[in-house]
4 protein chains.
Amino acid sequence: MMRADAARNRARVLAAAEVVLGEQGPAARMDEIARRAGVGVGTVYRHFATKEALYAAIISARVELLLQAAARLRTAATPKTAFFDFFTQIVADAAGRKSLTDALRGAGVDPKAEQSEQRTRMRAALTELLHDAQRVGAVRPDIDMPEVLALLRGASLAAETGDYPGPVLDRALAVLFDGVRPPTARPSGGNRLSRAAELP
Amino acid sequence: MMRADAARNRARVLAAAEVVLGEQGPAARMDEIARRAGVGVGTVYRHFATKEALYAAIISARVELLLQAAARLRTAATPKTAFFDFFTQIVADAAGRKSLTDALRGAGVDPKAEQSEQRTRMRAALTELLHDAQRVGAVRPDIDMPEVLALLRGASLAAETGDYPGPVLDRALAVLFDGVRPPTARPSGGNRLSRAAELP
Amino acid sequence: MMRADAARNRARVLAAAEVVLGEQGPAARMDEIARRAGVGVGTVYRHFATKEALYAAIISARVELLLQAAARLRTAATPKTAFFDFFTQIVADAAGRKSLTDALRGAGVDPKAEQSEQRTRMRAALTELLHDAQRVGAVRPDIDMPEVLALLRGASLAAETGDYPGPVLDRALAVLFDGVRPPTARPSGGNRLSRAAELP
Amino acid sequence: MMRADAARNRARVLAAAEVVLGEQGPAARMDEIARRAGVGVGTVYRHFATKEALYAAIISARVELLLQAAARLRTAATPKTAFFDFFTQIVADAAGRKSLTDALRGAGVDPKAEQSEQRTRMRAALTELLHDAQRVGAVRPDIDMPEVLALLRGASLAAETGDYPGPVLDRALAVLFDGVRPPTARPSGGNRLSRAAELP
DNA sequence: CATGAATGAGTTTTCATTCAT
DNA sequence: TATGAATGAAAACTCATTCAT
């Protein structure tokens, strides 16, 4: 019973921290996070030794979810779309957590042991999807992971820190993907960017 | 004559602030900035009433330079390349000032009167270059400013916050630009990404 | 149980602040007040959000005591002397807290909600005592609250900011009270001012 | 010509300081005083070595004026009224310079050499007027300088720091003076306090 | 285990005073 | 001599972290 309580508290703190960081940026206070979680500061510190550790845990949880999504895509989707779907999903995830990365970077969170292990797994997952896509000719062959990572990072940051309506993000991604595909994979005349659903 | 001294001090503070912010992020202390500039804290405050005001002045100066570059490109370069050159220049500028934007955003710098006026001018400059490029068929016609801004922001953020070797950034931009160009403007077989000069 | 500790700390801070303000005037530092109270500055700020708030709390406590004294006098003393006793007590209280008012005014303490509520109660208490005294002919009938308040303020300020030996204050008050009484209430020949106990 | 300029500047600074202190209290800044005087801070410091020295000079000028008034009254008025007139004048002067004394005391201005010399002259002037009045029976004989000084200080402070409409101050002073007069000098039935001119 | 009061180093900002021009 | 830019000590206030209850 104790264990359950502790676990619930940990989860509550994590959730509260994500919200508060999104709202207040890197300046968010531990007191406030505790208040939102409905616990005392002491409890926050019982679960996360340090503010930085708490922030790192948030990232960790996020990345874990994305990794699961990557695994799912690899089995469920065709190599032709899996890479693009994953890319899109990461960006959508970022857009849904406005300015969180910002807050985390502002807080000076460094890649620690666990994080760098996750980083490795993330890279591996992405590499697989990329190579699969290249094998079936869905992605141009002269592109490589470093570029992909840079493009992914840029897209995520723009989605997270900017305030773009969904369709704008979609079209920006479409442009990006057009650049990523081999010319032959583009429908003749190009992928006309859709403007239908644009919000006012 | 004193005015000259004051102006020099102002410039020194601005320069020191840019450096220190780049190094230490939003947490940079006013004391440190003053020390680097070789002046007392009081002098920093004489020129910039507030930490936030100092940060705003840095952005302002940066944007001003870019606006001048835009004007220069419009006369000196052909519409075919001006847009891409400007885009590239902004990203290079961002790359050269690692984590400054970060620091600025972390400091909660708001778009103030002057800033928002600059924002307007920046949009105008970019719009001109974009339309010029579309007119001569260098940029696909179904792309519009919102997407361009999102792509630009993403590229700048990636360049600024990431630690990519130059060639990686170049290739990522090349991919992006391929997506921006109309299919007809791409050499058949695509723009082969160059790998020659890659740094270790 | 912690609450008891917190309350003790609050009281300590209040007491220390009263002392330090009396000694050093409005320029007293929060650090020093904390040191005297034997707590950290943070604790001072936990209990009083602001220097001004701390000062306001001191006044509040003082006035509360005087209000209790007024209530006591109304039941315990005869209307003939109660007014004069209360007046005297206020002045004595002021004399006992040298330069505190000074410090408080210097700090720009404004009448806030609670304060102005106290102010109202204080006026009410004084008004009752005044009217009682006038009803029994102990105070001239042509005097009214505004004058009484002005006289009281003057007497308190003199007592607080000046450095008068007790007998001097007593005689000054005696003169004042002679002016407040109806001529008939003065012993023929006036109230001879006592000089017996004068200190050097 | 230089001398005249310097003297004008000194006077300007003095005047500006009096105004600014009255408005902003002890916290008034030297910069602001200089600005109001239409000179640079450096000039303020040329005339007054220290903030405290400036404040002392203000008091000094004030007292000098009052001393001249005392001398004038001694020749021009009858002993019967001269004392009361002087007392009234000091209080009126205080009322006209709201919170200046406050500012000065708050600034920790100490009695310096010059000041204490003035203090002596002030006491002497008041003593003369008091004794003259006692000789002609206008002031009760059992009152002495210490009480008078205490009463005067109280009245001045009340006038300066309070916000009493003129008639209230007048009536308060009338009460005070009734206490100061021998019973025989009060018209039978007392000096009815006038209520005629009271402002709404 | 949870709580939240206490701690105090750390930061921003102010302002009297100095001094180069 | 006047000016006002520069100085930097001082002071208010914050907040991550600890620890008694």
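Lettering follows sequence order; numbering is per chain, from 1.
- Judged by Watson-Crick or G-U wobble contacts below 3.5 Å, the nucleotide E/dA20 has F/dT3 as its partner.
- Each of C/Thr50 and B/Arg10 was assigned the nucleotide of DNA chain F with the nearest heavy atom; the assignment lying further toward the 5' end belongs to B/Arg10.
- Remark: E/dA9 base-pairs with F/dT14. Criterion, Watson-Crick or G-U wobble with two distances under 3.5 Å.
- Atom CZ of A/Phe48 is separated from atom C1' of E/dC1 by 16 Å (rounded to the nearest Å).
- Listed nucleotides: E/dA16, F/dA2, F/dT14. Nearest to the side chain of C/Tyr45: F/dT14.
- Nearest nucleotide to the B/Arg29 side chain, out of E/dC15, F/dT1, E/dT12: E/dT12.
- Taking only side-chain atoms of D/Met30, from C-beta outward, the nucleotide of E/dT3, E/dT17, F/dA2 with the closest atom is E/dT17.
- Using a 4.0 Å heavy-atom cutoff across all strands shown, A/Ala28 reaches sugar-phosphate atoms only and no base atom.
- Salt bridge D/Arg29/D/Glu32: absent, no basic N to carboxylate O contact under 4.0 Å.
- Across the protein-nucleic acid pair, D/Lys51 atom NZ and E/dT18 atom C1' stand 17 Å apart, rounded to whole Å.
- Contacts of D/His47 with the nucleic acid, taken as non-hydrogen atoms under 4.0 Å apart, are absent.
- Here the nucleotide nearest the side chain of C/Ala6, chosen from E/dA6, F/dT14, F/dA5, is E/dA6.
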side-chain contact (heavy atoms from CB on, under 4.5 Å) between B/Ile33 and B/Lys51, worked out: CA-CA 10 Å; B/Ile33 291 172; B/Lys51 199 186 189 186; 5.9 Å; no
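- The CD-C1' distance, from A/Glu52 to F/dC15, rounds to 16 Å in whole Å.
- For B/Asp31, the side-chain atoms get nearest to E/dT13 when compared with the rest of E/dT13, F/dA16, E/dT17.
- When the side-chain nitrogen and oxygen atoms of D/Thr43 are compared with OP1 and OP2 of F/dT3, one or more of them lie within a distance under 4.0 Å.
- At least one side-chain nitrogen or oxygen of A/Asn9 sits closer than 4.0 Å to the OP1 or OP2 atom of E/dA2.
- One interatomic measurement links the two molecules: CD of B/Glu32 to P of E/dT11, which rounds to 10 Å at whole-angstrom precision.
- Atom CD1 of B/Ile33 is separated from atom P of E/dT13 by 11 Å (rounded to the nearest Å).
- Inter-residue side-chain proximity for C/His47 and C/Thr43 is flagged as met; some heavy-atom pair is nearer than 4.5 Å.
- Rounded to whole angstrom, the span from the CG atom of B/Asp5 across to the P atom of F/dT7 amounts to 10 Å.
- Of the candidates E/dT13, E/dG8, F/dT17, the closest approach to any side-chain atom of C/Val41 belongs to E/dG8.
- Under the 4.0 Å criterion applied to side-chain N and carboxylate O atoms, B/Glu23 and B/Arg36 are assigned as salt-bridge partners.
- As judged by a 4.0 angstrom heavy-atom cut-off over every strand, A/Ala53 is placed among residues making no nucleic acid contact.
- Rounded to whole angstrom, the span from the CG atom of B/Leu54 across to the P atom of E/dT12 amounts to 11 Å.
- For the pair D/Arg35 CZ and F/dG4 P, the interatomic distance rounds to 12 Å; values are reported in whole Å.
- A side-chain donor-acceptor contact under 3.5 Å links B/Thr161 to the backbone of B/Leu157.
- Between A/Ser156 and A/Ala94, the shortest heavy-atom contact is O-CB, 3.6 Å.
- Of the candidate nucleotides F/dG4, E/dA5, E/dT3, F/dG4 has the atom lying nearest to any side-chain atom of B/Arg46.
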